[in-house]
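Remarks on the structure that follows.
In what follows, every heavy atom counts, from backbone to side chain, and hydrogens, waters and symmetry copies are set aside. Below, chains carry the letters A, B, ... as their sequence lines are ordered, and counting in each starts from 1.
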2 protein chains.
Amino acid sequence: MDTIEVFKALSNEARLQILEWLKDPTAYFRPQEGVDLVEIGVCVSQITEKLNMTQSTASQYLSILQRAGLVSATRLGKWTYYKRDEEAIKKITSNIQQNL
Amino acid sequence: MDTIEVFKALSNEARLQILEWLKDPTAYFRPQEGVDLVEIGVCVSQITEKLNMTQSTASQYLSILQRAGLVSATRLGKWTYYKRDEEAIKKITSNIQQNL
DNA sequence: TCATTATATCGACGTTTTCCGATATGTCAA
DNA sequence: TTGACATATCGGAAAACGTCGATATAATGA
């Protein structure tokens, strides 16, 4: 768990926004054909749409969040679904709490 | 309390190092003529020395930490003493814990 | 007042980050 | 297989960051 990578990932308004939205996917995203937004996650297109940035940027930002261990990805057919990794986030915040 | 500024301040190895040292000043810094390292803080020269960077950089990094609310500064004579603002840090970490 | 010392600020330059458009890859359906 | 769609990756321009040396400011003491 590289703390600096986590802080870097969190040093960006758009990425914090994504994490925020993913806290309550059904509140922020349209329901998806036979996919449980909460269990599986939200696809890149929907995040791109809300972000008001290009698909390229959204994809890269999701990658950064994933590398930092804050979200996880699941590929299903054409779609990649991203969701928060609450376990990991709990470990990270408790680590920050303890060591900062 | 600007969260992003905090994360940016923490996205740097040297600045994290400074925060770490300031947790236990007497362990990492020489005693200072009639100044309580713990109560008043550590002066810029001593931090510069340990950082292995220039005085300019140390001063700027301390400024960044201060603007993020992580440390506070006290000027006494020629010296500026920096110490962790534990109150603020507690608020910040608890805020991260709660909102991340 | 002047020299000295501690700190802050300025200007610069290389590196990293931000964000984009273009294109490649993967997947499905016809 | 081909076309269409979702996502990832590449290459780049502009902004921000990391870090320095030089210089300005503040405080002290001779």
Open item on the list: Could you see if A/Ile40 belongs to whatever hydrophobic cluster contains A/Leu22? Use Ile, Leu, Val, Met, Phe, Trp, Tyr and a side-chain cutoff under 4.5 Å.
Closed with: no

TODO: Classify the side-chain pair B/Thr93/B/Asn95 by whether it contains a donor and acceptor separated by less than 3.5 Å.
DONE: no

Task: Separation of atom CG in B/Asn12 from atom P in C/dT16, rounded to whole Å - done: 13 Å

- [ ] List in numerical order all residues of residues 36-63 of chain A for which some heavy atom is under 4.0 Å away from an atom belonging to DNA chain C.
- [x] A/Met53, A/Thr54, A/Ser56, A/Thr57, A/Gln60, A/Tyr61

TODO: Give me the ring orientation class for A/Trp21 and A/Phe29: parallel if the planes are under 30° apart, tilted from 30 to 60°, perpendicular past 60°.
DONE: perpendicular

Task: Donor-acceptor side-chain pairing of B/Ser56 and B/Ser59 below 3.5 angstrom - done: no

Open item on the list: Could you check whether any side-chain heavy atom of B/Gln32 comes within less than 4.5 Å of a side-chain heavy atom of B/Cys43, counting everything from C-beta outward?
Closed with: yes

Task: Test item: side-chain donor near acceptor, B/Thr48 and B/Ser45, under 3.5 Å - done: no

Task: Between P of C/dT5 and CH2 of B/Trp79, the distance in whole Å - done: 11 Å

- [ ] Report which part of the nucleic acid B/Tyr81 touches: base, sugar-phosphate, or nothing (heavy-atom distance under 4.0 Å, all strands).
- [x] nothing

Task: Test: B/Lys23 and B/Glu20 ion pair at under 4.0 Å - done: yes

Task: chain B footprint on DNA chain D, 5' to 3' - any atom under 4.0 Å from a heavy atom - done: D/dC17 to D/dT28

- [ ] For A/Arg15 and C/dC19, give me the distance from atom CZ to atom C1', rounded to whole Å.
- [x] 11 Å

Open item on the list: Using every non-hydrogen atom in the two residues, find where B/Ala68 and B/Ile92 come nearest and quote the distance to one decimal.
Closed with: O-CD1, 4.0 Å

Task: Nearest-Å distance for atom pair NZ/C1', residues A/Lys8 and C/dT18 - done: 14 Å

TODO: Would you kindly give the CZ-to-P distance between A/Phe7 and C/dT17, to the nearest whole Å?
DONE: 16 Å

TODO: To the nearest Å, give me how far apart CD1 (A/Ile18) and C1' (C/dT18) are.
DONE: 13 Å

